[in-house]
Amino acid sequence: MGSEFIVFLAVAIVAIGAAVGMALSRNALYSAMFLILNFACVAVLYLLLNAPFLAVAQVTVYTGAIMVLFVFVIMVLGAEKLPAGESRKEMAWQRPLALGLGVLLLIQAAYVVFTRVVSSSATKLIDSSPLAIGKALFGPYLFPFEVASILLLAAMVGAVVLTRKE
Amino acid sequence: MNETTPYILLSALLFSIGAVSVLTRRNAIMIFMSVELMLNAANLAFVAFAKQWGQLDGQLFVFFVMTVAAAEVAVGLALIVAIFRAKKGTDVDDLSVMKN
């Protein structure tokens, strides 16, 4: 543990704070920025977890591509200001119920983690360099890799078709 | 309790925050961002378990989750743009009817 755990703790606190900020922010643009901070924190955690390739992919794909798309759409639509009367009268129970369900979910997950997760058997670090990832992607995972490319093509065509002006 | 347990707990906490946010927000874009947070929390658990068991498969699965998330965001945001054009807003309460 030692210094690694201190880094984890610091990054985890920032990640949780960013997630809470995203959930509570009234401005959708601020929420997007909080989410970018959260993704960057998770990228650092990937580095701590011996996954350098995924850390870089997290920064480029999530904070680079996906969140830029989010910010772009929010700015294009001018939808950053959320209406003030978001919590309506007839749904007054929705917020406490959601909070209760969320706490229940967290308690369940923590219970499972503390009772069912067996202590680690593998102590040696695996080779997770981009070379090893690439060999696995074009070896045993070749078919899912090709399916993913078709999925991305379909998403691209779908996005173009959906946003086309009539 | 081993060295990946804190990561799993953090993942569970981030997932719960995302779930509560999905349930409470009314703006479709905000709900969408919360779903991204939940996907990210699941990815963190995948990577933590990959380290715990000393196998690369968890990391590869995260790679595919990222791919699917990218596809999902592209289509989902296109849908939100189309809805915004038709409804002049992204409040999910206004989307309760299928016609007009």
Side-chain angles (χ1 to χ4, degrees), chain A residues 1 8 12 15-16 19-20 22-23 28 31-32 35 38-39 42 45-46 49-51 54 57 61-62 65-66 69-70 73-74 77 79 82-83 86 94-95 98-99 101-102 105-106 109-110 113 117 119-122 124 126 128 132-133 136-137 141 144 148 151-152 155-156 158-159 162-163, chain B residues 1-10 12-21 23-27 29-30 32-34 36-37 40 43-44 47-48 50-56 59-60 62-64 66-75 77-82 84 89-91 93:
Chain A
M1 291 290 186
F8 165 78
I16 293 167
V20 172
M22 188 221 77
S31 288
L35 197 55
N38 182 271
F39 286 167
V42 173
L45 294 180
Y46 286 170
L49 283 169
N50 185 33
L54 284 181
V61 175
Y62 262 116
I66 293 181
L69 203 56
F70 265 107
V73 166
I74 291 169
L77 297 183
L82 305 178
E86 230 196 350
Q94 187 192 18
R95 209 165 282 259
L99 207 60
L101 287 175
L105 180 67
L106 185 60
V113 167
V117 173
S119 50
S120 65
S121 53
K124 63 169 174 53
I126 40 160
S128 59
I133 300 255
L137 269 184
Y141 284 90
L151 179 74
L152 284 174
M156 200 166 73
L162 282 170
T163 51
Chain B
M1 185 83 179
N2 57 58
E3 65 174 354
T4 54
T5 307
Y7 291 94
I8 307 299
L9 285 177
L10 175 66
L13 184 58
L14 290 179
F15 192 89
S16 302
I17 293 171
V20 170
S21 191
L23 290 175
T24 51
R25 301 311 288 256
R26 293 255 161 67
N27 188 323
I29 296 176
M30 283 303 308
F32 214 30
M33 282 201 277
S34 309
E36 291 302 315
L37 181 64
N40 219 49
N43 280 352
L44 183 60
V47 177
K51 189 189 182 194
Q52 180 177 341
W53 296 109
Q55 291 190 332
L56 204 55
Q59 295 195 14
L60 285 159
V62 170
F63 179 82
F64 288 115
M66 279 183 187
T67 314
V68 174
E72 172 226 336
V73 164
V75 175
L77 285 177
L79 277 172
I80 288 176
V81 169
F84 192 88
T90 53
D91 194 322
D93 281 351

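Quick caveat: nothing in here was measured; it's all calculated off a predicted structure.
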About how many Å separate [atom2] of [Y] and [atom1] of [X], when rounded to the nearest 0.5 Å?
X: B:Leu14; Y: A:Leu45; atom1: CG; atom2: CG; result: 8.5 Å
X: A:Leu77; Y: B:Ile80; atom1: CG; atom2: CD1; result: 8.0 Å
X: B:Met66; Y: A:Ile66; atom1: CE; atom2: CD1; result: 8.5 Å
X: B:Phe15; Y: A:Leu105; atom1: CZ; atom2: CG; result: 6.5 Å

Most contacts with chain B, counted as non-hydrogen pairs under 4.5 angstrom, among [options]:
options: A:Leu99, A:Asn50, A:Thr163; value: A:Thr163
options: A:Leu69, A:Val61, A:Val20; value: A:Leu69
options: A:Ala15, A:Pro144, A:Ala132; value: A:Pro144

**Request:** Heavy-atom pairs under 4.5 Å with chain A are the metric here; pick the option from B:Val68, B:Val75, B:Leu56, B:Val62 that has the most.
**Result:**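 Heavy-atom pairs under 4.5 Å are most numerous for B:Leu56.
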
Structural part of [X] lying under 4.5 Å from a heavy atom of chain A:
X: B:Leu13; result: both
X: B:Phe64; result: side chain
X: B:Leu44; result: both
X: B:Ala48; result: both

Of the non-hydrogen atoms in [X] and [Y], which two are nearest, and what is the gap between them?
X: B:Thr67; Y: A:Ala148; result: CG2-CB, 3.8 Å
X: B:Ala74; Y: A:Ala159; result: O-CB, 3.8 Å
X: A:Ala23; Y: B:Ile17; result: CB-CG2, 4.2 Å
X: B:Ala78; Y: A:Leu162; result: CB-CB, 3.8 Å
X: B:Met33; Y: A:Ala28; result: CE-O, 3.5 Å
X: A:Tyr46; Y: B:Asn40; result: OH-O, 4.2 Å

**Request:** Carefully, step by step, assess B:Leu10 and A:Ile16 under the rule side-chain contact (heavy atoms from CB on, under 4.5 Å).
**Result:** CA-CA 8 Å; B:Leu10 175 66; A:Ile16 293 167; 3.5 Å; yes

Measure distances from [X] to the heavy atoms of chain B and classify the residue's part below 4.5 Å as side chain, backbone, both or neither.
X: A:Phe8; value: side chain
X: A:Ala19; value: both
X: A:Tyr62; value: side chain

Does some side-chain heavy atom of [Y] sit less than 4.5 Å from a side-chain heavy atom of [X]?
X: B:Val73; Y: A:Phe70; value: yes
X: A:Ser128; Y: B:Lys51; value: no
X: B:Val20; Y: A:Leu101; value: no

**Prompt:** Does A:Leu35 offer a backbone N or O that forms a donor-acceptor pair with the side chain of B:Glu36 under 3.5 Å?
**Reply:** no

